[in-house]
Amino acid sequence: MAAQSVLTPQSQDFPRWYQDVVAKAELADNGPVRGTMVIRPYGYAIWERMQSEIDARIKAAGAKNAYFPLFIPESYFSKEAEHVEGFSPELAVVTFAGGEELAEPIVVRPTSETVIGGFMAKWIQSYRDLPLLLNQWSNVVRWELRPRLFLRGTEFLWQEGHTAHVSYEDASAYAMKIHREVYDDFLLNVLATPSYLGIKPPSERFPGAVNSMAAESVMRDGKALQMVTTHEFGQNFARAFDIYFQSEEGQAELCYTTSWGASTRLVGGLIMAHGDDAGLIIPPRIAPTQVVVIAVRDEPEVNGAADRIARELALVGVRVELDGGRGSFGRRVTDWEIKGVPLRVEVGPRDLAQGLVTLVRRDNGDKSTLGLDKLALDVPSLLESIQGDLLARAFALRDERTHEVKTIAEAIDAAKDGFARLPWDAVAGEGEIALNAQGVSVRCLQRPDGSIPLSDIERGLSCLVAKAY
RNA sequence: CGGGAAGUAGCGCAGCUUGGUUAGCGCGCCUGGUUUGGGACCAGGAGGCCGCGGGUUCGAAUCCCGCCUUCCCGACCA
């Protein structure tokens, strides 16, 4: 670990640490317009890894990618009452284009339920067309008042899935499938950020939804971050957009629709869930670069060996980068630490004389040596151990930051450290207002065994409350 | 969008109170050399519409007004 950090320590000022990491790891910059973000190559590489992992899971769940336009007629928005009401404060609207005032204003999409709903109505004729399972990767615009890089911005990148089903049960089951098999699986097995899965209380529901599910993760400062969401719309959007199908009995019936999304906010979650005072810590399965091979000196034998090692690792499927020996060793090491590369392979004259390399783990700083002949076999399995250890560490953080309480007052106190779990009956209504007054919100509702309820009308639910990003 | 703070070289800052030589410092960057196993050292060098626009003045980084952007705290949200 670096003797003196180049970053503001987390314990001193966590938000400042976050900004320092984003800048020094070269992830992103602020764009010229408030709330916009320039994603730099290393930050974008992380997002591309996320996209490919999530996209594969979405496809495995049967949905297909498509693309719908950025511009949406304003009239579409007026069709679903709660949806307009919820989104109107953050809409960007085009009223002037092509040198003249537009007859009908155009909304820059904040989400695509409305356009997609219109086309679902056109494409769905019969129950045989269902379920219709669509997904799109796109940017969206929501006029945010307090932007923070990756966590909240006026424009961000995401994936939005939209589906239509014949029944409430089918829609609900598919939403649950996405939430578990796409999102939770990705969060657990790739990002190593274990989450609390549950449903949103009515106050936190997506505008127009009958049920919203969330995955809430614990950041290293104890605050909560909503990583993804999945919504069930019942027949609300189907009614607004005339999404009918003809049933087996020949009756015209309204579809049941869902939507679900994961955004570039996940990059922020990754940073805050794993990072330490020396910088990012990226779990190997998501890391754009899993191993950096560092030539300790800029000498032909050392560089040659480092190059051979990098090639050998690449051949067995490791995402590897080579750091030639130019520049001071300490400086180069620190830079790779800030970037969170999971494993360093250091190659110097002393190692080579013994036919070894030095391995250094980013997550715990452990150093070890390994015979050159064992690299191809041992490095991939070491990466897997790092992945496992990071997951275990994240679980431990989540558990030690979660407190079982009984009253609102205790919950407010516990929220200074992390999450509080208490009976939903003790919160619903005025309790939620009291929590909100202290900057604490209900993150999600769960069954007593931690599973996801089908609806907030289920009895005996517990809730998780916390301060949130 | 309300309340606070701030914008001077890529980054961090001084200068502004009390207007007046050529706007400084540290880090980084470039060149040469010595170095290289945890942020190296020496020498030389490049780099500034002092956030933007207007005003006051013989003269503005400095004083006044407006706007933009950033950070913190709230209200609203992936």
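Each chain gets a letter, A, B and so on, in the order the sequences are listed, and its residues count up from 1.
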What is the distance from [atom1] of [X] to [atom2] of [N], rounded to the nearest Å?
{"X": "Glu26(A)", "N": "G28(B)", "atom1": "CD", "atom2": "P", "answer": "15 Å"}
{"X": "Asp335(A)", "N": "G28(B)", "atom1": "CG", "atom2": "C1'", "answer": "11 Å"}
{"X": "Leu435(A)", "N": "A75(B)", "atom1": "CG", "atom2": "P", "answer": "13 Å"}
{"X": "Asp29(A)", "N": "U69(B)", "atom1": "CG", "atom2": "P", "answer": "16 Å"}
{"X": "Lys24(A)", "N": "G28(B)", "atom1": "NZ", "atom2": "C1'", "answer": "11 Å"}
{"X": "Arg34(A)", "N": "A6(B)", "atom1": "CZ", "atom2": "P", "answer": "18 Å"}
{"X": "Asp20(A)", "N": "C71(B)", "atom1": "CG", "atom2": "P", "answer": "12 Å"}
{"X": "Gln19(A)", "N": "C72(B)", "atom1": "CD", "atom2": "C1'", "answer": "10 Å"}

Across all strands, who's sitting opposite [N] as a Watson-Crick or G-U wobble pair, both distances under 3.5 Å?
{"N": "U69(B)", "result": "A6(B)"}
{"N": "U56(B)", "result": "none"}
{"N": "G74(B)", "result": "C1(B)"}
{"N": "C29(B)", "result": "G45(B)"}
{"N": "U17(B)", "result": "none"}

For the [atom1] atoms, the ones on [N] and on [M], what distance do you get once it is rounded to whole angstrom?
{"N": "U56(B)", "M": "U62(B)", "atom1": "C1'", "value": "13 Å"}
{"N": "G7(B)", "M": "G51(B)", "atom1": "C1'", "value": "6 Å"}
{"N": "A14(B)", "M": "G53(B)", "atom1": "C1'", "value": "27 Å"}
{"N": "U22(B)", "M": "G15(B)", "atom1": "C1'", "value": "15 Å"}
{"N": "G47(B)", "M": "C65(B)", "atom1": "P", "value": "36 Å"}
{"N": "G2(B)", "M": "G10(B)", "atom1": "P", "value": "32 Å"}
{"N": "C27(B)", "M": "C63(B)", "atom1": "C1'", "value": "33 Å"}
{"N": "U17(B)", "M": "C64(B)", "atom1": "C1'", "value": "16 Å"}

[X] with [Y]: basic N within carboxylate O range, under 4.0 Å:
{"X": "Glu312(A)", "Y": "Arg308(A)", "answer": "no"}
{"X": "Asp221(A)", "Y": "Lys223(A)", "answer": "no"}
{"X": "Arg16(A)", "Y": "Asp20(A)", "answer": "yes"}
{"X": "Arg142(A)", "Y": "Glu155(A)", "answer": "no"}
{"X": "Asp276(A)", "Y": "Arg362(A)", "answer": "yes"}
{"X": "Arg443(A)", "Y": "Glu216(A)", "answer": "yes"}
{"X": "Asp389(A)", "Y": "Arg393(A)", "answer": "no"}
{"X": "Asp323(A)", "Y": "Arg332(A)", "answer": "yes"}

> For Trp424(A), which residues count as a ring pair (Phe, Tyr, Trp, His ring centres under 6.0 Å) partner, sequence neighbours excluded?
Replying inline: none
>> Protein within reach of the bases, or only the backbone? For nucleotides 32-37 of chain B, mark each nucleotide 5' to 3' as B, S or -, using heavy atoms under 4.0 Å.
In response: ----BB
> For Asn436(A) and Lys367(A), take the nucleotide of RNA chain B holding the closest heavy atom to each; which residue's nucleotide lies nearer the 5' end?
Replying inline: Lys367(A)
>> Under 6.0 Å between ring centres: does that hold for Tyr256(A) and Phe233(A)?
In response: no
>> If we check side-chain hydrogen bond (donor to acceptor under 3.5 Å, both in side chains) with Glu232(A), which of these qualifies: Thr257(A), Thr258(A), Asn211(A)?
In response: Asn211(A)
> Under 4.0 angstrom, heavy atoms only, what part of the nucleic acid is Lys200(A) near: base, sugar-phosphate, or nothing?
Replying inline: nothing
> With a 4.0 Å cut-off on heavy atoms, is Gly31(A) in touch with a base, just the backbone sugar-phosphate, or nothing at all?
Replying inline: nothing
Return the polar atom pairs (N/O with N/O) between nucleotides 76-78 of chain B and the protein under 3.5 Å, or none.
{"from": "C77(B)", "atom 1": "O2", "to": "Arg152(A)", "atom 2": "NE", "distance (Å)": "2.8"}
{"from": "C77(B)", "atom 1": "O2", "to": "Arg152(A)", "atom 2": "NH2", "distance (Å)": "3.4"}
{"from": "C77(B)", "atom 1": "N3", "to": "Arg152(A)", "atom 2": "NE", "distance (Å)": "3.2"}
{"from": "C77(B)", "atom 1": "N3", "to": "Arg152(A)", "atom 2": "NH2", "distance (Å)": "2.4"}
{"from": "C77(B)", "atom 1": "N4", "to": "Arg152(A)", "atom 2": "NH2", "distance (Å)": "3.3"}
{"from": "A78(B)", "atom 1": "O3'", "to": "Gln226(A)", "atom 2": "NE2", "distance (Å)": "3.0"}
{"from": "A78(B)", "atom 1": "O3'", "to": "Arg265(A)", "atom 2": "NH1", "distance (Å)": "3.0"}
{"from": "A78(B)", "atom 1": "O2'", "to": "Arg265(A)", "atom 2": "NH1", "distance (Å)": "3.1"}
{"from": "A78(B)", "atom 1": "N6", "to": "Gly153(A)", "atom 2": "N", "distance (Å)": "2.7"}
{"from": "A78(B)", "atom 1": "N6", "to": "Gly153(A)", "atom 2": "O", "distance (Å)": "2.5"}
{"from": "A78(B)", "atom 1": "N1", "to": "Gly153(A)", "atom 2": "N", "distance (Å)": "3.2"}
{"from": "A78(B)", "atom 1": "N3", "to": "Ser263(A)", "atom 2": "OG", "distance (Å)": "3.3"}

>> Strictly below 4.0 Å: does Arg148(A) bring a side-chain N or O up to OP1 or OP2 of C71(B)?
In response: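 False: Arg148(A) side-chain N/O out of range (4.0 Å or more) of C71(B) OP1/OP2.
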